[in-house]
Amino acid sequence: MNKYQVAIIGTNIGAKHYEDFQKIKDRFNVHTLCGLTREAIDNILSKDTETKVSLNFDDVLKVKDIDIIDICLPPHLHFSACKKAMEAGKHVICEKPLVSSLKEVDELEKISKETGKIIFPVFQYRYGLGFSKLKALVKSGLAGKPLVASLETHWNRDKDYYSKHWRGTWEGEQGGAILSHSIHIHDLVSMILGPVSNVFAKLTTRVNDIEVEDCAALSIQMENGSLVTSSVTLGAANDTSRLRFCFEGLTAESGASPDKPYSPADDEWYFLPRSPVTQAQIDEVLSKVEEPQSWYAGMFDEIANKLDGSTSDEVTLLDARKSLEFVTAVYDSSRQNKNIKLQIDKDDPLYHSWLPK
Ligand SMILES: NC(=O)c1ccc[n+]([C@@H]2O[C@H](COP(=O)([O-])OP(=O)(O)OC[C@H]3O[C@@H](n4cnc5c(N)ncnc54)[C@H](O)[C@@H]3O)[C@@H](O)[C@H]2O)c1
């Protein structure tokens, strides 16, 4: 097992990355933490740390010992940062949303192939015991045919949240609740039910005085024929993420705990048998599920597995591409007020950007 040297770039969500790297110290060392101010970095690092401090991204890229650049910058900086990092010979972890168009994803894929460096997009919501249980039940065949799913991303974001200059704007954030908030839950659904076939989306801005959407109602059909409804708002009284899947053989429901809105995979999940499937059969499958590392630590663990050449379950560039293709289709549907069939081809103008003209 190798130990990888990481540089984290960005000190807000970057602090959470730092915290979770500490949980798997046998696999990663945070070599450098890079931000815009010394004060922000000092708030994260303890006094006795060996982690180095940098205020200059370009300098970090020159450090030979660093294997991975972990990009925790605002969305509009992701593409250029990923490109620079790979061209400097580094693997990349990059926060969601990976980039701002399908064209940019494809350009990054090309650079990744040319440089031999891997991009690991961030979807940390995938990792946790509850979700491992759901995946095991699907894999065992007990869940059977998927029928419908319903999703809620009901969070609370106010003026304070939008006081950061890049948030709430097309230019800085590149999108609203579809791109920044419900992107996670939609990724989870695709993991369980497979690719999206088509989507009808209603988007609106009703909560905050911002350019981008903060409420959505989506009607989605998956390629396997199952139907999904997704309700999104940033004007809920608290933060709740809820998922409910009805399969032929069982119904699976996340606990929607108010203390776990950002880690539904870690939540307590309920699995209810539907005849002829029995509780005993469900319990038998669940008894064999091992507790994984969760959240960012779970995701980082799988990245180390991939880099070690072991069996791995990392988030791939293709996963991020599918997620952004879905985002593109949602914006297209909302603007045209019509159902949009995926995929989005290269000759579609939205391939280059989903931003409004
Ligand atoms: N996966 C998740 O659950 C999750 C949660 C929150 C944010 N995010 C994503 O993480 C990204 C960052 O969001 P945030 O809320 O932390 O943003 P933020 O604006 O609060 O923080 C961004 C950080 O980047 C730093 N920075 C900006 N330019 C820099 C430069 N040139 N060199 C070095 N550092 C620089 C800033 O100092 C700041 O620390 C966004 O893409 C956001 O969507 C993901």
Side-chain angles (χ1 to χ4, degrees), residues 74-76 78 96-105 123 125 148-159 161-162 164 166-190 193 195-222 227-243 261-262 264 320-344 348-357:
H76 60 289
H78 289 181
K96 62 79 194 160
L98 178 65
V99 284
S100 307
S101 67
L102 290 170
K103 181 168 183 267
E104 285 185 349
V105 184
F123 276 131
Y125 284 35
V148 298
S150 60
L151 316 172
E152 285 172 17
T153 307
H154 289 177
W155 295 359
N156 188 2
R157 296 290 181 272
D158 59 12
K159 266 192 189 154
Y161 176 84
Y162 283 106
K164 290 212 168 143
W166 60 268
R167 287 191 183 141
T169 66
W170 285 108
E171 196 188 343
E173 194 166 354
Q174 310 281 318
I178 289 298
L179 182 69
S180 293
H181 306 92
S182 59
I183 194 166
H184 289 289
I185 216 161
H186 295 141
D187 171 64
L188 294 181
V189 156
S190 286
L193 298 180
V196 171
S197 162
N198 58 85
V199 59
F200 201 124
K202 300 272 185 191
L203 307 183
T204 184
T205 312
R206 292 179 69 74
V207 185
N208 284 289
D209 183 16
I210 52 175
E211 280 177 13
V212 295
E213 79 286 349
D214 56 21
C215 293
L218 311 186
S219 172
I220 306 162
Q221 183 164 37
M222 310 305 284
L227 300 177
V228 179
T229 50
S230 175
S231 167
V232 181
T233 184
L234 301 182
N238 66 3
D239 294 352
T240 306
S241 303
R242 191 193 314 267
L243 300 96
Y262 312 127
R321 193 184 193 286
K322 284 186 181 150
S323 141
L324 295 180
E325 186 171 39
F326 178 67
V327 165
T328 309
V330 167
Y331 285 128
D332 195 16
S333 167
S334 153
R335 286 174 199 149
Q336 295 200 58
N337 195 26
K338 76 175 206 198
N339 193 55
I340 297 294
K341 176 112 182 66
L342 279 69
Q343 58 191 48
I344 309 285
D348 190 318
L350 288 173
Y351 172 81
H352 299 267
S353 169
W354 58 69
L355 299 189
K357 290 197 183 88

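Below, all heavy atoms of this structure are taken into account, side chains as well, without hydrogens, waters or symmetry copies.
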Is there a side-chain contact between Asn339 and Ser333 (heavy atoms, below 4.5 Å)?
no
Is any side-chain heavy atom of Leu243 closer than 4.5 Å to a side-chain heavy atom of Ile185?
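Counting from C-beta outward, Leu243 and Ile185 do come under 4.5 Å.
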What is the distance from atom [atom1] of [X] to atom [atom2] of [Y], rounded to the nearest 0.5 Å?
| X | Y | atom1 | atom2 | value |
| --- | --- | --- | --- | --- |
| Leu234 | Ser182 | CG | OG | 8.5 Å |
| Arg321 | Ile344 | CZ | CD1 | 9.5 Å |
| His186 | Leu151 | NE2 | CG | 5.5 Å |

Is there a donor in the side chain of His154 and an acceptor in the side chain of Ser231, or the other way round, less than 3.5 Å apart?
yes
Say whether Ser241 and Glu152, considering side chains only, have a donor N or O and an acceptor N or O under 3.5 Å apart.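 Their side chains do not contain a donor-acceptor pair, so the 3.5 Å distance test is not met.
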Any pair with a residue in residues 178-189 that passes salt bridge (charged side-chain N to carboxylate O under 4.0 Å, His left out), sequence neighbours left out, goes on the list, sorted by first then second residue, please.
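Non-adjacent pairs meeting salt bridge (charged side-chain N to carboxylate O under 4.0 Å, His left out): Arg126-Asp187.
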So salt bridge (charged side-chain N to carboxylate O under 4.0 Å, His left out) across residues 227-241, not counting sequence neighbours, yields Arg157-Asp239
Query - Check: Ala177 main-chain N/O paired with Glu213 side-chain donor or acceptor under 3.5 Å - result: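 Judged by distance alone, yes, a pair lies under 3.5 Å.
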Practice task
Answer yes or no: are there more than 12 heavy-atom neighbours, outside Asn238 itself, under 6.0 Å from its atom CG?
Solution key: yes
Item to check | Within 6.0 Å of CD in Glu211, more than 12 heavy atoms from elsewhere | outcome: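 Buried by this count: over 12 neighbours within 6.0 Å.
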Query raised in the report: So, Trp155 versus Tyr262, ring centres under 6.0 angstrom or not?
Result: yes
Contacts under 3.5 angstrom, residues 349-357 side chains, donor-acceptor by atom type, not counting sequence neighbours:
unit_1: Tyr351; atom_1: OH; unit_2: Asp106; atom_2: OD2; d: 2.6
unit_1: Ser353; atom_1: OG; unit_2: Leu355; atom_2: N; d: 3.0
unit_1: Trp354; atom_1: NE1; unit_2: Gln174; atom_2: O; d: 2.6

